[in-house]
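Computed over heavy atoms, backbone and side chain alike; hydrogens, waters and symmetry mates excluded. The chain is numbered in sequence order, starting from 1. If you're wondering where the values come from, they're calculated on a predicted model, not measured in any experiment.
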Amino acid sequence: MTILLESTVSIILLGIAAEVVLLVTLLLTGRGVVLVGMVGTVVLVAAGVGLEWLVVTQRERVEAEIYQIAAAFETNDLDAVLDHCSPSAVHSRSEARRAFGLVQFTKLKITELKIERIDRRTDPPTTKAHFVVLVSAMDRDGSFGHVTRPIWFNLDFRLEGDRWMITGHELENAPYGF
């Protein structure tokens, strides 16, 4: 069911498949009543797209957190970044402080975002996110100037209260080995 609520693509593809079947049926039988089914299918697809737009799944909430964190980095707002980290994420919090002490971020672009299935067997639920961020930053001490490079992120999340919070991280290709 969540596949239908995560993306409109599956809803639209099912609608197109149903319309093709109904169109073939219309052409083979010539019965006008099939047009009612075609109109009904369009209405159902529109309702499905509307429902997908209204329902925010847990994975979409994790994705929104990631984009909010990226925006906080882009505006160099350490407090906003730390607000997305669980108090128990001591290493991630200290690495964020260290990163802000070393560089000033100018632009971030997230690509290849993949959020794993949410593990509801844990209490509270957890998940992991994997993505690449094209980071543009300037160092504060003049060691490397302005650099743009891809950094591979693996973030661990845990649902704390009503928010998905970072509980750990791993980076690849980060300057200074964050």
Side-chain angles (χ1 to χ4, degrees), residues 1-10 49-178:
M1 179 65 173
T2 57
I3 187 110
L4 295 176
L5 297 175
E6 297 273 335
S7 169
T8 58
V9 173
S10 55
V49 168
L51 181 65
E52 190 280 332
W53 181 75
L54 287 173
V55 174
V56 179
T57 66
Q58 292 297 328
R59 287 173 63 153
E60 290 170 333
R61 289 181 60 209
V62 171
E63 182 178 335
E65 287 288 333
I66 291 167
Y67 282 102
Q68 289 172 14
I69 295 164
F73 269 100
E74 239 176 18
T75 59
N76 291 285
D77 187 348
L78 174 60
D79 291 334
V81 171
L82 295 177
D83 186 49
H84 293 277
C85 294
S86 172
S88 66
V90 175
H91 177 69
S92 295
R93 295 172 75 81
S94 70
E95 290 300 303
R97 285 186 189 93
R98 186 167 80 106
F100 277 94
L102 294 171
V103 299
Q104 178 177 346
F105 298 93
T106 56
K107 186 170 182 174
L108 282 81
K109 181 179 180 189
I110 296 172
T111 63
E112 302 177 39
L113 176 60
K114 292 178 184 61
I115 299 169
E116 291 184 6
R117 173 171 277 191
I118 293 173
D119 188 352
R120 298 182 194 288
R121 296 171 295 173
T122 60
D123 187 27
T126 58
T127 191
K128 294 177 183 283
H130 313 281
F131 52 97
V132 177
V133 179
L134 191 59
V135 177
S136 295
M138 299 181 315
D139 67 324
R140 295 191 188 274
D141 66 1
S143 301
F144 62 85
H146 191 270
V147 173
T148 301
R149 71 183 321 161
I151 300 175
W152 286 259
F153 279 79
N154 297 305
L155 296 181
D156 299 324
F157 284 92
R158 179 174 56 222
L159 186 60
E160 296 183 2
D162 64 345
R163 288 191 54 208
W164 285 95
M165 305 291 282
I166 294 173
T167 57
H169 78 282
E170 293 177 13
L171 304 178
E172 295 177 33
N173 199 37
Y176 299 112
F178 291 116

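- Residues Leu159 and Gln58 form a side-chain contact, since some pair of their non-hydrogen atoms from C-beta on lies under 4.5 Å apart.
- Taking CH2 of Trp164 as the reference point, atom OG1 of Thr126 lies at 6.5 Å (rounded to 0.5 Å).
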Task: CA sep, side-chain torsions, deciding dist, call: Glu112, Trp152, side-chain hydrogen bond (donor to acceptor under 3.5 Å, both in side chains) - done: CA-CA 10 Å; Glu112 302 177 39; Trp152 286 259; 5.1 Å; no
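- Between the CD1 atom of Ile151 and the CZ atom of Arg149 there is a distance of 6.5 Å, given to the nearest 0.5 Å.
- The line from CZ of Arg97 to CG of Leu102 is 14.0 Å long, rounded to the nearest 0.5 Å.
- In this structure, Arg93 and Cys85 approach most closely via the heavy-atom pair NH1-O, 3.0 Å.
- Listed by first and then second residue, the side chain to side chain donor-acceptor pair (under 3.5 Å) pairs involving residues 69-86 are Glu65-His84, Asp83-Arg163, His84-Arg163, Ser86-Ser88, Ser86-Arg158, Ser86-Glu160 (not counting sequence neighbours).
- With values rounded to the nearest 0.5 angstrom, Glu170 atom CD is found 12.5 Å from Glu95 atom CD.
- You'll find the side chain of Glu52 reaches within 4.5 Å of the side chain of Glu60, heavy atoms only.
- Leu134 has its side chain within reach of Thr148: a pair of non-hydrogen atoms, C-beta onward, lies under 4.5 Å apart.
- In summary, of the residues considered (Thr57, Ile110, Ile115), a side-chain contact (heavy atoms from CB on, under 4.5 Å) with Glu63 occurs for Ile115 alone.
- When side chains are defined from C-beta on, Asn154 does not count as touching Lys128, because their heavy atoms never get closer than 4.5 Å.
- Atom NZ of Lys114 is separated from atom CZ of Arg59 by 11.0 Å, given to the nearest 0.5 angstrom.
- Contact between Ala137 and Thr106 at its shortest, heavy atoms only, is N-OG1, 3.8 Å.
- Put simply, the side chain of Phe157 reaches to within 4.5 Å of the side chain of Ile166, judged on heavy atoms.
- Residue pairs meeting the ring pair (Phe, Tyr, Trp, His ring centres under 6.0 Å) criterion with at least one member in residues 112-137, sequence neighbours excluded, are Phe131-Phe153.
- Taking the six-membered ring for Trp and thresholds of 30 and 60 degrees, Phe73 and Phe105 have ring planes more than 60 degrees apart, a perpendicular arrangement.
- In this structure, OG on Ser92 lies 4.5 Å from NE2 on His169, to the nearest 0.5 angstrom.
- In this structure a side-chain-to-backbone donor-acceptor pair under 3.5 Å is present from Arg140 to Val103.
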